[in-house]
Structure formats: C-alpha cells, structure tokens
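Take a look at the structure set out below.
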Amino acid sequence: MYRKADMSDIDKIVKIPSMNLTEAEIKNYINNDQKYLYVYENEEKDIVNATFFGCDGVDDDDYDSEIYGMYTRNIKDKDIINSEVLFETKKELFEKGYRSLIVWCDEKNEKMRKFLKSSGGVESKKRENNNRIEVAYTYELLDYSCLLYTSPSPRDSTSC
C-alpha cells in the first residue's frame, strides 16, 4: 500500500538501507507543504520503500516537481514495487497540481537509468554534483486518476 507517511513511521523509515536522511530531515518532509514523503507498506505492514518528492528546491525552471530520493529495501519484488511507486508518485503529483517531473540519477547507475527510461522518462540533461555526473530523466505528468496500476509497466495499466 502506497500512502503518505506520518510521524509513527519514522523509526521504520530510518531503517531502510542506503537512505541517507536523518530523523529531523524526515520530520521536515512530513510537516512541509512543498515536500512530500510517501511510503510503501507490504502485506505484513513493513515499510519497504520511502519516496521523497515535491517542488521545494527544484533548481530547473522547466520542471515544477522533483523526486529527491526513492529508497527501497533489497527484497524479492523490489523492481515491481519501484514501478508501482513511480506510477503512484506521478499520479499524486498530478493531483497536487504539478505538470512536469525531473529525476536525477548517477550516470554510472545503469540499473536505475534503465528503469527510469523504461518507465517513460526522457534523458534530458546532465550536471556535475559532488564530483560525479548526474543524468536527468523528465516526465510530463498526465491525469492518471482513472488508471489502476496492474503490472511493472504503466503501459499495461488498465483504464476505468
């Protein structure tokens, strides 16, 4: 289940490996009107993904929203969960009034780059950040309100 995080989730969120945010930073996302933190819970009610997104700090005038980080535990269905989370995040951003999205990815992270491209992201630019090259993948956000996520590929989603 994909949902907005609340304060009771903090202890579970900080345990996601590779996530580099402190409890204070997580609280800032939960209590901010321009930053959002959503989590994905599995059937056992374990938080297996935390996704940070919003419009605060987007440093590209061509895009009005950004995914700042998407952290998923290394579990069996990680790729499927990431696909669903990206789909639901784009849907959520559109419903909040955003129309374009940018996601930055390390140029050397081939797996993430392939995922972003296969999900409809368009490689649009590069930048240097902390002595490494990042690649931007961009999306025009659409009204997904009548779509239900049904598979790893949003193209296979069913409409209502």
- Query: Looking only at atom types and distance, does a side-chain atom of Asp46 sit under 3.5 Å from a main-chain N or O of Val48, one as donor and one as acceptor?
  - Reply: no
- Task: State yes or no: do Leu86 and Val122 share one hydrophobic cluster built from I, L, V, M, F, W and Y residues joined by side-chain heavy-atom distances below 4.5 Å, directly or via other members?
- Result: no
- Message: If the condition is ring-ring contact (aromatic ring centres under 6.0 Å, His included), which residues does Tyr29 pass it with, not counting sequence neighbours?
- Response: Phe52
- Short side-chain to backbone donor-acceptor contact, Glu25 and Thr22, under 3.5 Å: yes
- Of the non-hydrogen atoms in Ala5 and Ile30, which two are nearest, and what is the gap between them? O-CG2, 4.1 Å
- Lys117, NZ atom: more than 12 neighbouring heavy atoms under 6.0 Å: no
- Message: Go through it in stages, so that I can follow the logic: the residues are Arg113 and Tyr137, the test is side-chain hydrogen bond (donor to acceptor under 3.5 Å, both in side chains), and I'd like the CA-CA distance, side-chain angles, deciding distance and then a yes or no.
- Response: CA-CA 8 Å; Arg113 291 181 66 190; Tyr137 287 83; 3.1 Å; yes
- Going by distance alone, is a donor N or O of one side chain under 3.5 Å from an acceptor N or O of the other, for Tyr40 and Arg3? no
- Is the backbone N or O of Asn28 less than 3.5 Å from a side-chain atom of Asn31, with the two atoms forming a donor-acceptor pair by type? no
- Note on the structure: Rounded to the nearest 0.5 angstrom, the OG-CD1 distance for Ser124 and Ile102 is 5.0 Å
- Task: With salt bridge (charged side-chain N to carboxylate O under 4.0 Å, His left out) as the test, would you mind laying out the steps for Lys111 and Asp79 before giving the verdict?
- Result: CA-CA 10 Å; Lys111 185 171 182 172; Asp79 293 339; 3.7 Å; yes
- Item | Check: Ile81 main-chain N/O paired with Asp77 side-chain donor or acceptor under 3.5 Å | no
- Indicate, with yes or no, if the rings of Phe53 and Tyr38 have centres closer together than 6.0 Å. yes
- Message: Does Glu95 form a salt bridge (charged side-chain N to carboxylate O under 4.0 Å, His left out) with Lys91? I'd like the steps, not just the answer.
- Response: CA-CA 6 Å; Glu95 290 171 4; Lys91 186 175 172 180; 5.1 Å; no
- Message: Is there a continuous path of hydrophobic side-chain contacts, each under 4.5 Å between heavy atoms, that joins Trp104 to Ile133?
- Response: no
- Using distance alone, with no hydrogens and no angle criterion, decide if Ser18 and Asn20 have a side-chain donor and acceptor under 3.5 Å apart. no
- Message: How long is the straight-line distance from CZ of Phe115 back to OG of Ser83, given to the nearest 0.5 Å?
- Response: 4.5 Å
- What one should report as the nearest heavy-atom pair of Tyr98 and Leu141 is O-CD1, 3.7 Å
- Task: State whether the side chain of Ser65 and the backbone N or O of Ser100 hold a donor-acceptor pair below 3.5 Å, judged by distance alone.
- Result: yes
- Could you state whether Ile13 and Met7 fall into the same hydrophobic cluster, counting links through intermediate Ile, Leu, Val, Met, Phe, Trp or Tyr residues with side-chain heavy atoms under 4.5 angstrom apart? yes
- Task: Return yes if a side-chain donor-acceptor contact under 3.5 Å exists between Thr89 and Tyr36, otherwise no.
- Result: no
- Query: Quick check: does any side chain N or O of Arg99 sit under 3.5 Å from a backbone N or O of Phe94, one acting as donor and the other as acceptor?
  - Reply: yes
- Message: Is it true that, when you exclude Lys15 itself, more than 12 heavy atoms of the residues, nucleotides or ligands shown sit nearer than 6.0 Å to its NZ?
- Response: no
- Side-chain H-bond candidate by donor/acceptor type, Thr51 with Tyr68, under 3.5 Å: no
- Message: Which residues pass the salt bridge (Lys or Arg N to Asp or Glu O under 4.0 Å) test with Asp106, not counting sequence neighbours?
- Response: Arg132
